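Okay, structure first, notes after.
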Amino acid sequence: AQKVTQAQTEISVVEKEDVTLDCVYETRDTTYYLFWYKQPPSGELVFLIRRNSFDEQNEISGRYSWNFQKSTSSFNFTITASQVVDSAVYFCALSGPVDTGRRALTFGSGTRLQVQP
Amino acid sequence: EPEVTQTPSHQVTQMGQEVILRCVPISNHLYFYWYRQILGQKVEFLVSFYNNEISEKSEIFDDQFSVERPDGSNFTLKIRSTKLEDSAMYFCASSDGPTYGYTFGSGTRLTVV
């Protein structure tokens with residue numbers, strides 16, 4: 001069975017602070033995919049990143065960066081110099097190997113980020 | 001950029017009624033999904049659909065639910081005999097084959113009264 005844990009229910013920071021959202025996952029698969037989605041107050045799910053289990057390189061996209069550590073089963077997300085527009089709920093998600101047909105995403109419970117001006 | 005389109009954005013229905021939620025996936029995608037999110041909770045997988053049949057479903061997806069791809073563009077979720085606890089945001093998603101892109105629609109908020 002797959003499981004995603006986002007232990008931080010809610011985080012509040014002041015604008016320009018850096019913030020890291022934690023994600024820990026469990027899976028028996030050797031091949032899997034990890035995702036981060038942003039859900040702003042309007043409710044839609046905005047795709048941020050997809051990473052496969054063989055690619056442990058960290059990734060940076062503007063103010064966003066992701067730290068994938070297979071040894072600790074973690075896929076953490078850092079926002080540098082946070083802005084009010086970053087206020088949202090952030091979900092980490094996990095899926096199985098593409099070729100097994102198990103493409104369902106297992107989501108974590110989400111972390112609500114509030115960035116105060 | 002291609003989008004997954006869901007209609008309606010909000011639907012209110014009486015308990016016991018049947019509802020059909022509609023989705024138009026991205027045209028060259030092969031895999032289609034429904035997820036739901038009860039207010040304030042996590043997003044939960046319901047069902048995936050490939051090659052005109054269900055490829056995977058969760059425990060939530062019982063006989064009350066069904067999916068259909070009635071033509072080459074639409075993908076629908078039917079909920080029979082709706083209950084109060086079916087009130088949630090329902091998201092449709094689609095993904096392509098090899099690159100595993102995964103795109104969600106903007107959701108349909110279902111309110112059962």
Side-chain angles (χ1 to χ4, degrees), chain A residues 1-10 21-27 29 31-55 88-114, chain B residues 1-6 8-10 23 25-26 29-51 53-61 67 87-111:
Chain A
Q2 298 182 327
K3 186 177 178 182
V4 176
T5 301
Q6 295 181 255
Q8 304 151 309
T9 306
E10 186 161 346
L21 310 182
D22 297 334
C23 172
V24 174
Y25 62 91
E26 295 175 30
T27 180
D29 294 314
T31 302
Y32 50 88
Y33 291 80
L34 292 161
F35 300 75
W36 275 95
Y37 284 89
K38 174 182 179 180
Q39 187 174 46
S42 50
E44 72 270 25
L45 289 168
V46 179
F47 169 79
L48 295 178
I49 191 172
R50 177 184 73 248
R51 174 56 52 87
N52 76 54
S53 53
F54 294 111
D55 183 2
V89 180
Y90 291 85
F91 290 98
C92 180
L94 167 70
S95 76
V98 169
D99 57 359
T100 64
R102 289 191 289 111
R103 291 168 168 255
L105 296 184
T106 298
F107 281 82
S109 54
T111 297
R112 180 177 300 278
L113 174 65
Q114 296 206 343
Chain B
E1 188 167 332
E3 289 184 343
V4 174
T5 305
Q6 289 188 244
S9 56
H10 190 189
C23 169
I26 294 174
H29 282 188
L30 304 175
Y31 300 83
F32 315 116
Y33 313 83
W34 284 101
Y35 289 79
R36 80 172 184 190
Q37 184 182 30
I38 294 171
L39 187 62
Q41 298 188 22
K42 69 168 138 183
V43 180
E44 301 173 292
F45 169 72
L46 293 177
V47 65
S48 61
F49 194 85
Y50 171 70
N51 202 24
E53 62 182 21
I54 291 174
S55 53
E56 197 178 359
K57 63 181 180 178
S58 71
E59 294 173 352
I60 302 169
F61 193 86
V67 289
S87 295
M89 179 77 93
Y90 289 81
F91 290 102
C92 175
S94 68
S95 70
D96 60 12
T99 64
Y100 201 16
Y102 214 112
T103 305
F104 281 86
S106 55
T108 293
R109 181 166 298 284
L110 176 65
T111 303

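This structure is a prediction, so every number in the text was calculated from the model and none was measured. Proteins come first, then strands; the chains are lettered A, B, ... in the order of their sequence lines, and each starts at number 1.
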Checklist entry - Mind checking what makes side chain to side chain contact (heavy atoms under 4.5 Å, CB included) contact with A:T9, not counting sequence neighbours? => result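 Applying side chain to side chain contact (heavy atoms under 4.5 Å, CB included) to A:T9 gives none.
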Checklist entry - Which of these passes ring pair (Phe, Tyr, Trp, His ring centres under 6.0 Å) with B:F104: A:F47, A:F91, A:Y37? => result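 Between B:F104 and the candidates, ring pair (Phe, Tyr, Trp, His ring centres under 6.0 Å) is satisfied uniquely by A:Y37.
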Item to check | Interatomic distance, B:Y35 atom OH to A:L45 atom CG [nearest 0.5 angstrom] | outcome: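 Those atoms lie 10.0 Å apart.
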Item to check | B:Y102 OH to A:R103 CZ distance, which is reported to the nearest 0.5 Å | outcome: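 B:Y102 atom OH to A:R103 atom CZ measures 8.5 Å (nearest 0.5 Å).
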Is the number of heavy atoms from other residues, nucleotides or ligands under 6.0 Å of [X] [atom1] greater than 12?
X	atom1	value
A:R112	CZ	no
B:K57	NZ	no
B:E59	CD	no

Checklist entry - Are any of the side-chain heavy atoms of B:K42 and A:Q6 separated by less than 4.5 Å? => result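 No. Closest side-chain heavy atoms not under 4.5 Å.
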Next on the checklist: I'd like to verify something: which residue of B:Q37, B:E44, B:M89, B:R109 has the highest number of heavy-atom pairs under 4.5 Å with chain A?
Outcome noted: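 Looking at each option in turn, the highest pair count goes to B:Q37.
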Item to check | Partners passing ring pair (Phe, Tyr, Trp, His ring centres under 6.0 Å) against B:F91 (at least two apart in sequence or in another chain) | outcome: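 None.
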